[in-house]
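Labels below follow one simple rule: chain letters A, B, ... track the order of the sequence lines, proteins then strands, and each chain is numbered from 1.
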Amino acid sequence: MKENYFPQEIEKKWQNVWEETKAFKTPDESDKPKYYALSMFPYPSGKLHMGHVRNYTITDVIARFKKANGFNVLHPIGWDSFGLPAENAAMQHNADPETWTDENIAYMTKQLKMLGLSYDWDREVTTCKPDYYKWTQWLFLQLYKKGLVYKKEAAVNWCDKCGTVLANEQVIDGKCWRCDSVVEKKYLSQWFIKITDYADVLLEDLDKLPGWGENVKTMQANWIGKSKGAIFKFPVIDAPNGEKMEVPVYTTRPDTVFGITYLVVAPEYKDIEKLTTAENQQAVEEYRANARKMTEIERLSTERVKTGVPLGTHCKNPFNGEIFPLWTADYALVEYGTGAVMAVPTHDTRDYDFAKKYNLPMKVVIEDPQNPSDCSKEAYTEPGVLVNSGEFSGMSNEKAKGAITQWAVDKGFGEFKTQYRLRDWLISRQRYWGAPIPVVYCDKCGIQPVPEDQLPVMLPKDVDFKVVGKSPITTSKTFKDTVCPVCGGHAVRETDTMDTFVCSSWYYLRYSDAKNSEKCFDKDKVNHWLPVDQYVGGIEHAILHLLYSRFFTKALRDCGLLDFDEPFKNLLTQGMVLKDGSKMSKSKGNTVDPDEIFENYGADTARLFILSDSPPARDFDWSDAGVEGCYKFLNRVWRLISTNANNINLNYQLNFPLQKDNDDLVRVVHMSIKGITNDISNDFQFNTVISKYRELTNAIYDWQAKKKDLSDEDKNVLSFAIVSLIKLMSPVAVHLTEEAWHELGGEGSIHNQPWCEWDENLAKSSSITLVVQVNGKVKDKIEVDEALDQDALKEVALESPKIKALTEGKLIVKVIVVPKKLVNIVVK
RNA sequence: GCUCCAGUGGCGGAAUCGGUAGACGCGUUGGACUUAAAAUCCAAUUGGGCGUAUAACCCAGUGCCAGUUCAAGUCUGGCCUGGAGCACCA
C-alpha cells in the first residue's frame, strides 16, 4: 500500500471499475426489502454547482447506508431537460437546443461520475427525449379524458420583448428574469390542469406525511388556502335596466352581516356594466380601464392605498332590510370567491381603510363585553358578542357564524361554502423547447386529442430560433398542418408546449421502469418501487414541484395507473450552499467550481466536507479552510491504514477478556458504530457522523501511541478498529475505503459489505462518572462502579470530601439520585 | 399583516428522556521536529475574578423577561432579533 494518499489516481481507477462492472445496477427482483432513494433531478444547465454536489452526496450516502443494511436500493438519476435556457442559448448562438442540452448532459454526467455517485445508469431518464415525452403527452391525454385538462381564456404573465408568456416563477419582482422588462397581464387562451379538483385531498393528505418537514407542509397548506364561510345573495333594488338582479358574495364572517354598509365588486366583475347607472358609467369605465392597464409592479407599488368608484346602484340587506350602495374597487379580486365582497368596515381592516377614505358609514355589530372597542380608530377583528344584530344580538360571534348562515339557508338566499386559494395550473407555454401539447384544431370538429398511436408528437427541426415576438415552433413549415383524426379533414396542430413542471411531475415514476417502450411504466413495478422512501432536494420546490407531483400521483391513481396516494414518503429539504455568508452566484463572483475541488483534493474530500459542517437541512457555508481540513483528515486516515497495513488482518478474532487499554479501544469502536448508525438513522445527521469518524480515528492513534510492540491480541484489536473505521466511512469516502479494502486483501467491493454491528454492552464505557450536584450545581465528579445501587450512590456522593465541606453545618433537605448518572443534594 | 423556521465561544456546530453546556472541526496562540519551509505531532483556547509559574478554586454564562422543577440550551407563557414563504384570498 502506498504511503501517501493520491486521490486523483485511486478515484479514477475505481470509477472505471464501477462503471465497467455496473456495480450499482439495481435488480427489480430481489429477496431483500426495497428502498428508493431519490435526489431531485437536475436541469442540465452546463456544469454542476455546489448545491448539486450537496444534494447528490446526501442521497448517495443514504443509498449506500441502506444498501449495506440489507436493502435492495433504487438510486436513479435523470435530466429535467426541457426549458427556457436551452432555447435562449439557441437564440443567442443559433445552436439547436437539443445539441446544447446533449452537450451539457454529457459534461454533467462526467462530473456526476467523478463524484463517485452510486447511480443505476441503466435507468437514466431525459425528459426532452421522445422516448420520455411521448409518455408525458400520453399522460396529458389520460388527464384530458378524465376531464382534468381544459382550455380557457386567462390573464397570464406576458413579456412583450421575448414575445412569450412566462411562468410565475420566471417573473422576478414583476420583471422578466431574462430581459428585465416589465411583465404585463395579457388575456390569452391557455391550457389548464384542474388541480383545484384535488385541493381538499391535497390538503388533507398532508397529515399522511409525518416524514415531511412542518415548514413544507404549512407552505403547501397556505398555498391551498382552505377557508370556510358562506355565500349570501344580495338583491339589487335599482338595476338601471329594471332587471331583477342579485349579487352573491363569499364571506368568512357571516357573523358580521348586520354591519354591512356597502358592497364591492371587482373591476373585472362580469355583471358590472349592468350594475352601473348611466351617470356613473363614465367614471366606472375609466376606473376599469385603469385597473386593466396596471402591471404587477404598479399594483405592488400602490402599497395598498385602496381606490374605487361607486356604481350608483344599491342592494338590500335581507337580514335587516337596510339599503347600501355598490362600489367597484380593485381590492376585490375577480378570481377569488364570487368576485364580490360584502363590506363591514368596523370588523375588517381593508373595509375600514376604504370606508375611511370615502367617508362611508360604519356600524359596530361585535363587541367584547369586558372591553368595548372604539371602532372609530381601527377595525375590531377579535372575537366578541353580537350587538345591533336583531335576534342574534347577545350571541357569541363564533356561534353566530353558523346560526346566521343557517338562517339564510332556510330563507333561500345563502349557503355554506368552502373556498380555496389554489388556482388551476396553467401548463401551456408559447415556447419551442418543451413537450408539444398533443391536440389538433379541426376546422369542422374543433379541438381533438391526438390519437395515442400517433404519439409522440415530435418537435419539428425546421424552425427559426431567431424569430422575435412568437414561438420558434410556429415558424416550422412541416409542423402545423395536419389531418383531423375524426373527419380526416384539414386540422392545425397546437403549437404551445407544456410547462416543464409537467415533465418533472412524473419522472420519479418512470425510474421504476425507465426503458419501457410499450407503457409509461408497468403497474406492478411502479407499485413495487414507489413511494419514494427518501426524497432529497431544495426547499425552493416546497410548493411547485412537490405539489404538482402529489397531484399527479393522485390523478394517475384515479386513472388506474398506480395504487398509492402519495409519491414521497419522506422528504429532506437541504439548505443552501453559501460562500462568505451569501448565496453562491456568478454575479457575486463567489462560486466554487466542483471541478477544481475534484482536481485539487478529490471527490472524497468534497463529499466529506459538504456533509461535515452543518446538518443537511441548514444552510452550509463553504470555506476553503474547511476543505483543506477535510483533506488533511483523509490523509490522516490513509496514513493510519497504510502504516499499519502489515498488522491488519481482515479475519481478526477478538479474544476476551481484553486488557484494559485494548478493552477501551474496543469500546470506542462499538460506541462509534452505534453512534454513527443512529446519527444516520435519525434525520441523517451527517455532521455528527463525521465528528465520530474523527473521534474514532483519534482514539486509534492515541491507543497506538501507547504501544511499543504489538502483541497478537493488539493486532486483532487494531484490525477490528481499522476495518470498522473503513466500513463506517465507506458511504462517504467511497474511493479511499474501496482502495484500502483491496490493499488489505478484501474480496469484492467494500460497497457490498454488510454494515458493522455493535454490542450494546460494549457500546459504553466500563466505568461511569457520577455527577454530584449541590442545589443543582455541579460540585464533584466521581468514578464509580456501574453496579452500585441508588443508596450506594447516595453514600458515595455524601462521602466525597468536597461535598462534605460544602454541606457541613447545613441541613440536607433532599437527595435526588438518578441511577448511573447523578446525585443532587438539596441543602438549606 | 399572516404562517413557518432559527437564535449556544472568534466561526461552523454538538448536547436521545429536563440531569457534566461548548463534542468534533475551523481559526488563533504557544511549543516540538527542520538549516529553513511544507507536512506532521503536542498543548492551550466561553468570559471574568487573575497582564506572573504551577496547581486549584470561585462567579457569570445557551437572544430578553417571567414561570414550572431538586435540576432548564431543552418544558410553559410573554417579548426581541434574523431568515424564509404568502401577501388586498373577503
Side-chain angles (χ1 to χ4, degrees), chain A residues 4 213-223 225-227 229 249-253 256 263-264 266 299-300 302-306 329-333 335-344 347-351 353-354 381 419-423 539-540 542-543 573 575-576 578 581 609 612-615 617-630 632-633 635-636 639 675 678-679 682 685 687-698 701 705 769-781 802 813-818 820-827:
Chain A
N4 293 313
E214 219 47 53
N215 54 340
V216 177
K217 286 194 280 187
T218 41
M219 275 164 79
Q220 290 211 357
N222 290 344
W223 186 263
K226 182 176 183 171
S227 68
V249 302
Y250 171 73
T251 181
T252 54
R253 294 298 304 274
T256 63
L263 191 151
V264 177
R299 279 198 184 193
L300 288 173
T302 55
E303 283 174 351
R304 284 181 237 174
V305 172
K306 290 177 180 52
D330 64 4
Y331 82 90
L333 307 172
E335 319 93 275
Y336 188 76
T338 62
V341 185
M342 58 175 231
V344 184
H347 305 297
D348 181 284
T349 51
R350 294 153 305 190
D351 299 342
D353 292 345
F354 193 81
T381 55
Q419 187 69 39
Y420 299 91
R421 236 192 47 148
L422 184 70
R423 307 280 152 79
I539 187 76
E540 67 273 17
I543 294 169
T573 48
M576 282 189 300
L578 311 175
F609 178 54
S612 67
D613 266 9
S614 300
R618 271 203 234 176
D619 287 351
F620 177 89
D621 207 339
W622 183 277
S623 79
D624 297 336
V627 185
E628 195 73 38
C630 286
K632 285 179 181 174
F633 172 64
N635 273 282
R636 190 167 148 80
R639 272 197 312 278
N678 289 343
D679 284 356
N682 305 333
Q685 297 176 56
N687 53 331
T688 57
V689 168
I690 286 158
S691 298
K692 284 168 181 133
Y693 291 162
R694 292 177 185 271
E695 281 173 312
L696 177 55
T697 306
N698 292 345
Y701 268 108
T769 306
L770 183 72
V771 174
V772 186
Q773 298 179 330
V774 174
N775 289 345
K777 298 201 167 180
V778 178
K779 294 294 173 187
D780 200 8
K781 295 168 193 177
K802 282 187 192 170
V813 182
K814 204 174 187 183
V815 178
I816 283 122
V817 181
V818 182
K820 296 180 188 181
K821 219 172 220 167
L822 173 139
V823 174
N824 187 16
I825 300 155
V826 186
V827 298

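In this structure, of B/A15, B/U20, B/G19, it is B/A15 that holds the atom nearest to the side chain of A/Gln685. Of the candidates B/G13, B/C4, B/A90, B/G13 carries the atom nearest the A/Arg618 side chain, counting heavy atoms from C-beta on. In this structure, the nucleotide among B/A90, B/G13, B/U20 sitting nearest to the side chain of A/Ser614 is B/G13. Taking every side-chain heavy atom of A/Ser227 into account, B/A90 is the closest of B/C41, B/C5, B/A90. Of all nucleotides listed (B/A90, B/A60, B/C24), B/C24 comes nearest to the side chain of A/Ser691.
Using a 4.0 Å heavy-atom criterion, one finds that A/Lys777 contacts the sugar-phosphate atoms exclusively. Within the 4.0 angstrom heavy-atom criterion, only backbone atoms of the sugar-phosphate kind lie near A/Lys779; the bases stay farther away. Looking at heavy-atom distances under 4.0 Å, A/Glu335 makes no contact with the nucleic acid at all. Residue A/Lys217 is out of contact with every strand shown, counting any heavy-atom pair closer than 4.0 Å. Using a 4.0 Å heavy-atom cutoff across all strands shown, A/Asn698 reaches sugar-phosphate atoms only and no base atom. A/Ala332 comes within contact range of at least one nucleobase, with a heavy-atom separation under 4.0 Å. The residue A/Lys802 sits close only to the backbone: its heavy atoms come under 4.0 Å of sugar-phosphate atoms, none of a base.
Regarding A/Asn687, its CG atom lies at a distance of 15 Å from the P atom of B/A23, rounded to whole Å. Distance, A/Leu696 CG to B/A23 P: 19 Å, rounded to whole Å. One atom, NE2 of A/His347, and another, C1' of B/A90, lie 15 Å apart when rounded to the nearest Å.
In this structure, B/C17 shows a glycosidic angle within 90 degrees of zero, which is the syn conformation. Nucleotide B/G51 carries a syn base; the chi torsion (O4'-C1'-N9-C4 or O4'-C1'-N1-C2) is within 90° of 0. In this structure B/G83 sits in the anti conformation; its chi angle is more than 90° from 0.
Toward the 5′ end of RNA chain B lies the nearest nucleotide of A/Arg694, the other residue of the pair A/Tyr420 and A/Arg694 mapping further downstream. Residue A/Asp621 is the one, among A/Ala625 and A/Asp621, whose nearest nucleotide of RNA chain B lies closer to the 5' end (criterion: closest heavy atom).
The gap from the C1' atom of B/G67 to that of B/G13 amounts to 30 Å, rounded to the nearest Å.
When all heavy atoms are compared, the tightest approach of A/Lys306 to A/Phe354 is CB-CD1, 3.8 Å. Closest non-hydrogen pair, A/Asn687 versus A/Asp613, comes out as CB-C, 4.3 Å. In terms of heavy atoms, A/Tyr250 sits closest to A/Gly337 at CB-CA, 4.0 Å.
Using a 4.0 Å cut-off between charged side-chain N and carboxylate O, A/Asp679 and A/Lys692 make a salt bridge.
Within the shown strands, B/C65 is the pairing partner of B/G77 under the Watson-Crick or G-U definition, both distances less than 3.5 Å. For B/C2, the paired base is B/G85 (Watson-Crick or G-U wobble, both distances below 3.5 Å). Across the strands present, B/G30 finds its partner in B/C42; the criterion is a Watson-Crick or G-U wobble pair with both atom distances under 3.5 angstrom.
Ring pair A/Phe609/A/Phe633: centre-to-centre distance not below 6.0 Å.
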Seminar exercise, completed: Counting primed atoms, P, OP1 and OP2 as sugar-phosphate and everything else as base, the B/S/- map of nucleotides 70-86 of chain B against protein heavy atoms under 4.0 Å is BS-------------SS
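Within 6.0 Å of the NZ atom in A/Lys820, the count of heavy atoms belonging to other residues, nucleotides or ligands does not exceed 12.
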